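Shown next, in C-alpha cells, is the structure this report addresses.
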Amino acid sequence: MNVGFACLSIGVYHNDYKTIRKDNLTDSKLIEIIKYNLESLSYIIDYNIKNNLKLFRISSDVIPFGSSPFNQLEWWIIFKDKFKELSRKIKDNQIRVSMHPGQYTVLNSPNEEVVDRSIEDLIYHAKVLDYLETKSTSKIILHIGGVYGDKQSAMKRFLNNYQRLPQNVKDRLIIENDDRSYNIADVLEISRSLNIPVVFDNLHHKINPPNVQKTDQEWINLCRLTFKEKDGTQKVHYSEQDPLKQPGAHSKTINPNTFLDYYHLLNRDDIDIMLEVKDKNVSAVKIKDCTNKNLKAKDLESSWAKYKYSILEYSPNTYFQIRELLKDKTNLDPLHFYNRIDNALNEPLLLNNQINAIDHVWGYFKTDLIEKENYLKKLDKLKKGSLSVKSMKKYLFNLAVKNNITYLLESYYFDLV
DNA sequence: CACCGTCAAGTCGCA
DNA sequence: TGCGACTTGACGGTG
C-alpha cells in the first residue's frame with residue numbers, strides 16, 4: 001500500500017504556489033511565478049523522496065492560467081530543463097504523481113464555452129504530466145460535473161464530450177464520485193460506457209450514497225475491476241469528516257485508529273490511498289509509520305523532531321511523557337505515539353505554554369545583542385497582550401530563514417495551528 | 001504591519 | 001433572481 005497527500009506540505013520551506021490576478025498579468029511576471037512554483041514542486045518531491053512517500057498529487061496551480069488564453073507562454077519549452085530534472089527525480093524514485101482539476105472544470109456543462117474551457121484545462125493537466133514524462137499510471141482525476149435538473153442527459157453529455165478529448169487526455173482521465181451529484185453507482189455506470197477507471201472516495205460516498213446498499217469494501221472491489229494494467233494500481237481517496245464543519249469538510253488530521261480499522265477491512269495491500277486532509281504530509285507520514293512493519297526508532301524520532309515544539313506549545317506534560325516514551329527503543333508503538341500527539345494538539349492553548357515554546361525555539365538562535373533586545377521587547381509586548389502569538393511565530397520563522405536553521409524550518413511548529 | 005473585502009472559476013440550494 | 005458556499009493567494013484599501 002502506498003499512501004500520499006495532495007499538493008501542499010507542512011514543514012517544507014518554499015513549498016507554496018504563487019498566482020497572479022488577470023489585471024496585473026505580464027509574461028515576465030508569469031515566468032517568474034512559474035519558476036518559483038516549479039521550485040516549490042521540486043522541494044516537495046525532495047520531501048517525498050526523503051520520507052519514502054510514493055504517491056503525490058501535483059497542484060493544478062503549478063502553472064497559473066495554465067489553460068487560459070491569458071497565458072500564451074510555451075512554459076514547457078521555457079522550463080524544459082526544470083521539467084527534465086523533475087521528471088528524473090520522479091522516475092528514479094518511482095513516485096506516482098497525479099493531478100486533480102478543481103470544481104470549475106466541468107466536462108458535462110450545457111454551456112458550450114464551459115465545456116471548451118474544461119477540455120482546454122484537461123489538456124493543460126495532461127501536458128504537465130506528459131512533460132514530466134510520466135507513464136499512463138499518472139492519472140487526472142475528474143468529477144462528472146453538474147446535473148442541471150436531468151441527470152440522464154447530463155451523464156450522456158459527459159459521455160459525448162469525453163469523445164472530444166485528445167488521446168493523451170483519455171489515457172489519463174479517471175473519474176471519482178462526488179458528495180452531492182454523482183454517487184459511486186453513477187460513476188461506475190459511466191465507467192462501463194467509457195471503460196475508464198473509477199476512484200472511490202469514502203467521505204463523498206458517506207454523504208452521497210447510491211440506493212444500492214454495499215459496504216465500502218465491496219464498492220472498492222468493484223472499482224478495482226476498472227483499473228487495467230496500463231492504469232496501474234487501484235487508487236482511492238480517503239478522508240475523515242471534520243466534526244465541527246459542514247458535511248464533506250476534511251478533518252484537520254487523520255485519526256490513525258479509524259484509518260487502520262478501515263484499512264484492515266480492505267484486507268489487501270495492492271492499493272494506493274490518497275489522503276485528503278488539512279495537515280497533508282503530516283498525516284501521510286503518520287499513516288506510513290502506523291502501517292510500517294519494519295518501523296525503526298529513528299522514524300518516530302524524526303517525526304518527533306518536527307512535532308516537538310507544537311506539543312510543547314499545547315501540552316508540556318505530553319512533551320515530557322513522549323520524550324520518556326521514545327527512550328525505549330525496543331518497544332515501538334507508533335499508534336500510541338501518534339495518539340498522544342493528536343490528543344495533545346486538541347488541548348486548549350494557554351498563553352504561558354505558548355510563551356514557553358517560543359522561548360525554547362528562541363534558544364536555537366545564536367544572535368547578537370541587538371537582536372536579543374528586539375526579542376525581549378517583543379516578548380514583553382506578547383505578555384502584555386499587545387502582540388499576537390501569530391506575529392511572534394512569524395518573527396521566529398523569519399529568523400530561522402535568515403539563519404538557515406534547517407531543524408526549525410522542517411518543524412511543524414510554524415504551520416500547525 | 002495586521003486585517004478585511006474582493007476577485008476568479010461553475011454549480012446548486014436557498015431566500 | 002441573485003447570493004452564499006466551496007477554495008486560496010493576490011491585492012487594494014483601511015486602521
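A, B, ... follow the sequence lines: proteins, then strands. Residue 1 opens every chain. Model, not experiment: these values are computed from the prediction. Reckoned from all heavy atoms, side chains included, excluding hydrogens, waters and symmetry mates.
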Given atom CD of A/Q246 and atom C1' of C/dC6, what is their separation to the nearest angstrom? 8 Å

NA contact type, A/R180, heavy-atom cut-off 4.0 Å: base, sugar-phosphate, or nothing? base

Of all the heavy-atom pairs spanning A/N161 and A/L107, show the shortest one and how long it is. ND2-O, 2.7 Å

Rounded to 10°, the angle between the first-five-pair and last-five-pair axes of the helix from B/dC1-C/dG15 to B/dA15-C/dT1 is 80°

Please check: side-chain N/O of A/T233 versus main-chain N/O of A/D272, any donor-acceptor pairing under 3.5 Å? no

Only one of A/K378, A/K383, A/K384 passes salt bridge (Lys or Arg N to Asp or Glu O under 4.0 Å) with A/D380; say which it is. A/K384

What's the CG-C1' distance between A/D150 and B/dC12, to the nearest Å? 16 Å

Look at A/Q103 and C/dT7 and indicate whether a side-chain polar atom (N or O) is within less than 4.0 Å of OP1 or OP2. no

Output yes when a side-chain donor or acceptor of A/N71 lies under 3.5 Å from a complementary backbone atom of A/L73, and no otherwise. yes

Atom CE of A/M392 and atom C1' of B/dC1: how far apart are they, to the nearest Å? 16 Å

Atom CD of A/E276 and atom P of C/dT8: how far apart are they, to the nearest Å? 12 Å

Assert yes or no for the condition that the ring centre distance of A/H204 to A/H143 is strictly below 6.0 Å. yes

Rounded to the nearest Å, what distance is computed from the CG atom of residue A/D178 to the P atom of nucleotide B/dC12? 10 Å

Please report, rounded to the nearest Å, how far the P atom of C/dA10 is from the CZ atom of A/F65. 12 Å

Going by number, which of residues 12-24 of chain A have a non-hydrogen atom under 4.0 Å from DNA chain C? A/Y17, A/K18, A/T19, A/R21, A/N24

When the distance from CG of A/D242 to C1' of C/dC6 is rounded to whole Å, what number comes out? 15 Å

Between A/K80 and A/E74, does any side-chain N to carboxylate O distance fall below 4.0 Å? no

Assess A/K18 against A/Y36: is NZ or CZ under 6.0 Å from the centre of the six-membered ring, and within 45 degrees of the ring's axis? yes

Between C/dT7 (P) and A/D179 (CG): distance, integer Å: 10 Å

Exam field: side chain A/Y148 to backbone A/S153, donor-acceptor pair closer than 3.5 Å: no

So, taking the atom named CG in A/L129 and the one named NZ in A/K135, what distance separates them when rounded to the nearest 0.5 Å? 13.5 Å

Sub-4.0 Å heavy-atom contacts from residues 142-149 of chain A onto DNA chain B, ordered by number: A/G146, A/V147, A/Y148

How many angstroms lie between atom CD of A/Q234 and atom CD1 of A/I273, to the nearest 0.5 angstrom? 9.5 Å

Given C/dT8, B/dC3, B/dG10, which nucleotide is nearest the side-chain atoms of A/V106? B/dG10

Name the residue from A/W304, A/Y309, A/Y314 that meets the ring-ring contact (aromatic ring centres under 6.0 Å, His included) definition with A/Y319. A/W304

A/S391 side chain near B/dA2 phosphate (N/O to OP1/OP2, under 4.0 Å): yes

Test A/Y238 against every option in A/Y263, A/F200, A/F5, A/Y262 by the ring-ring contact (aromatic ring centres under 6.0 Å, His included) rule and name the one that passes. A/Y262

Has A/S388 got a side-chain N or O lying under 4.0 Å from the OP1 or OP2 atom of B/dA2? no

